[in-house]
Every structure is written in C-alpha cells, then in structure tokens.
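The block underneath contains the structure these notes are about, expressed in structure tokens.
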Amino acid sequence: LAPLAVMVARYFKVVPGQDWPRELDNQIWWKSHWKGQLVVLGLTLIGVGLVWQGTRPLPLHGLLGYTVLIGVGLQILLGLFRGTKGGPTAPQMRGDHYDMTRWRRIFESVHKSVGYTLLALALATTLLGLWLANGPRWMWLALGLWWAGLVVAAIILQLRGHAIDTYQAIWGPDPRHHGNRRRPGWGMRRPLREE
C-alpha cells in the first residue's frame, strides 16, 4: 500500500476529467496519500505486535524493520510540521507553501527523500523476511508481480506527463504565483497555460 499511496501523490494531483487549470487544488491525491500511509503504519504496528508474540526478529531484518518504522514516524512528524498553506483561497495569503519559504523547501526535500528511501528499505526488509522465513514461491511471485506492475504503471504515468508540480496543481500555472518561477522537482512537469 505504501508505494501506491506515493504513486497517487506523484501522479494524481490533477485527475483525469478535472478541468485544470480552471479547477484547482483537487485534494483527492493528498487525502489518499496520508490516509493510505496511516493504514500502512497501522498494519506495520500489527505486524510488529505479531512478531513480538512469537520469536524475536533476526538482527538485520529487525534492524531494517525498526529503521522503517522510525522513518515512518519521522514522516508523520514532518507532515504535521510542514507549515502553513496560504494562497489566494486561504484566509491568509501568506503561507509557507504558497510563498515557498525556506522551511517548505526543506520539508519537501526531506519528506520526498526519506519517503523514497523508506520504500526501498521496506522492500528490502520484506524480501529479507521472506528469505529468512523460507516464504513459499507464490509469495515471491505475488510480490514480484505487484512491484513490477507498480514500476510499469509509474513509467507509463511519468511518460504521459502525469507528474504535475504540486504548486501548479494547487494554484495553477499563472506566473503571478511566485512559486511558479522556481524549478520544479525531479521529473515533475509544469504545464504551460496553453496546454
């Protein structure tokens, strides 16, 4: 579920059928992202509880697992302190996100870097756990197909230009919004008004 919630946040800021840029700030992606990650956290805690009722995890698998759990906690804290939104539709025009303050730029950089790192660590932890538990072949196959499907979907969505910059998805492409003057993040698209 975690990579799916990340994909929604990356590729569905502007959803099919949305009349963008006349219809802005579709929050389906944002709500899906944080609610999906909370489900992931809950399932992870259940998994840890089940492990502790049985045997203790082996050192490397346990270390990786707890690192992921701590990283998820860090992501939640970062999300809580991401700063204010601001912008033309907010009660206060000034805001960390609308103004792209230094704090917001740091938040975005750290949140995305930690998030992608956690995805890789979670996958490594899962694969190591399957190996150590001598997981049945169908589990390996199911996991491989799931991740292959996610990678193929991500490539298709990226090539089709669905990675729209968050700033533009929320406030549109108008250059009067000063956040539109900065470079978008890695692989993100910033459509022109004419598109």
Side-chain angles (χ1 to χ4, degrees), residues 1-41 71-122 149-195:
L1 293 175
L4 199 55
V6 170
M7 285 181 65
V8 168
R10 183 168 177 89
Y11 297 114
F12 292 96
K13 289 184 181 91
V14 175
V15 296
Q18 180 180 339
D19 187 17
W20 188 89
R22 283 180 281 288
E23 184 184 333
L24 299 169
D25 199 12
N26 183 336
Q27 294 191 359
I28 290 171
W29 70 270
W30 186 75
K31 291 175 182 175
S32 298
H33 180 67
W34 72 263
K35 287 179 181 179
Q37 298 299 23
L38 282 179
V39 169
V40 168
L41 175 63
V72 169
L74 174 64
Q75 289 290 75
I76 291 169
L77 283 174
L78 280 170
L80 292 173
F81 295 104
R82 68 187 177 280
T84 57
K85 183 176 178 182
T89 58
Q92 295 278 67
M93 183 74 151
R94 307 285 309 187
D96 292 302
H97 194 181
Y98 184 72
D99 295 334
M100 288 309 290
T101 62
R102 183 171 189 227
W103 172 249
R104 180 64 192 205
R105 292 190 312 271
I106 290 170
F107 161 76
E108 286 191 9
S109 178
V110 172
H111 184 69
K112 290 174 185 177
S113 299
V114 169
Y116 286 121
T117 301
L118 285 173
L119 281 179
L121 280 176
L150 290 171
V151 168
V152 167
I155 290 169
I156 291 169
L157 291 167
Q158 186 71 38
L159 291 174
R160 290 187 178 173
H162 287 275
I164 306 288
D165 181 61
T166 307
Y167 197 91
Q168 278 201 352
I170 294 174
W171 291 292
D174 195 321
R176 74 185 163 98
H177 304 301
H178 55 275
N180 282 331
R181 291 183 223 130
R182 69 184 222 345
R183 263 186 31 216
W186 174 85
M188 300 307 284
R189 191 167 72 91
R190 199 173 264 166
L192 301 173
R193 180 187 292 273
E194 300 83 46
E195 289 183 47

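Only this structure's heavy atoms are used, side chains among them; waters, hydrogens and symmetry mates stay out. A quick note: this is a predicted structure, and the numbers were derived from the prediction, not measured.
- Side-chain atoms of Trp20 come within 3.5 Å of backbone N or O of Gln168 as a donor-acceptor pair.
- A distance of 9.0 Å separates CG of Asn26 from NZ of Lys31, quoted to the nearest 0.5 Å.
- Checked by atom type, the side-chain pair His177/Tyr98 shows a donor-acceptor distance below 3.5 Å.
- The distance from atom CE of Met188 to atom OH of Tyr167, rounded to the nearest 0.5 Å, is 15.0 Å.
- Taken from CG in Leu78 to CD in Gln75, the straight-line distance is 5.5 Å, to the nearest 0.5 Å.
- Closest of all the heavy-atom pairs between Arg190 and Gly179 is NH2-O, 3.4 Å.
- Closest of all the heavy-atom pairs between Gly71 and Val114 is O-CG1, 4.3 Å.
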Legend entry - Trace of the side-chain contact (heavy atoms from CB on, under 4.5 Å) decision for Phe12 with Leu157: CA-CA 9 Å; Phe12 292 96; Leu157 291 167; 4.0 Å; yes
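- Taking 4.5 Å as the limit, every side-chain heavy atom of Val14 sits out of range of all side-chain heavy atoms of Trp29.
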Inset, instruction - Verify side-chain contact (heavy atoms from CB on, under 4.5 Å) between Gln37 and Val6, making sure each step is shown before the conclusion. - result: CA-CA 9 Å; Gln37 298 299 23; Val6 170; 3.7 Å; yes
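- If you check the side chains of Gln158 and Arg10, you find a donor sitting under 3.5 Å from an acceptor.
- Closest non-hydrogen pair, Leu118 versus Val72, comes out as CD1-N, 3.7 Å.
- The backbone N or O of Thr101 lies less than 3.5 Å from no partner atom in the side chain of Asp99, so there is not a single donor-acceptor pair.
- Within 6.0 Å of atom CG in Leu77, more than 12 heavy atoms from other residues, nucleotides or ligands are found, so the atom counts as buried in its surroundings.
- Checking side-chain atoms of Asn180 against main-chain N and O of Asp174 turns up a donor-acceptor pair under 3.5 Å.
- Judged by distance alone, the side chain of Ser113 and the main-chain N or O of Ser109 form a donor-acceptor pair under 3.5 Å.
- A salt bridge is defined here as a Lys NZ or Arg NE, NH1 or NH2 lying under 4.0 Å from an Asp or Glu carboxylate O, and Arg102 with Glu108 fails to meet this definition.
- A side-chain donor-acceptor contact under 3.5 Å links Arg181 to the backbone of Pro175.
- Pairing each heavy atom of Gln18 with each of Lys13, the nearest pair is OE1-O, 3.9 Å.
- How far CE of Met100 is from CZ of Arg182: 3.5 Å, rounded to the nearest 0.5 Å.
- Taking each heavy atom of Ala5 and His33 in turn, the nearest pair found is O-ND1, 2.9 Å.
- The main-chain N or O of Ala163 is never found under 3.5 Å from a side-chain atom of Arg189 such that the two would form a donor-acceptor pair.
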Inset, instruction - Evaluate the criterion side-chain contact (heavy atoms from CB on, under 4.5 Å) for residue pair His97 and Trp103; output intermediate values, then yes/no. - result: CA-CA 9 Å; His97 194 181; Trp103 172 249; over 6 Å; no
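- Taking the six-membered ring where the residue is Trp, His111 and Phe107 present parallel rings, their angle staying beneath 30° rather than reaching 60°.
- To the nearest 0.5 Å, atom CG of residue Leu80 and atom CD1 of residue Ile76 are 7.5 Å apart.
- Tested against Ile170, the residues Asp25, Leu24, Thr89 include a single side-chain contact (heavy atoms from CB on, under 4.5 Å) partner, Asp25.
- For the residue pair Met7 and Leu150, the shortest heavy atom distance occurs at SD-CD2, 3.6 Å.
- Between Asp96 and Arg105 there is no salt bridge, since none of the side-chain N atoms of the basic residue sits less than 4.0 Å from a carboxylate O of the acidic one.
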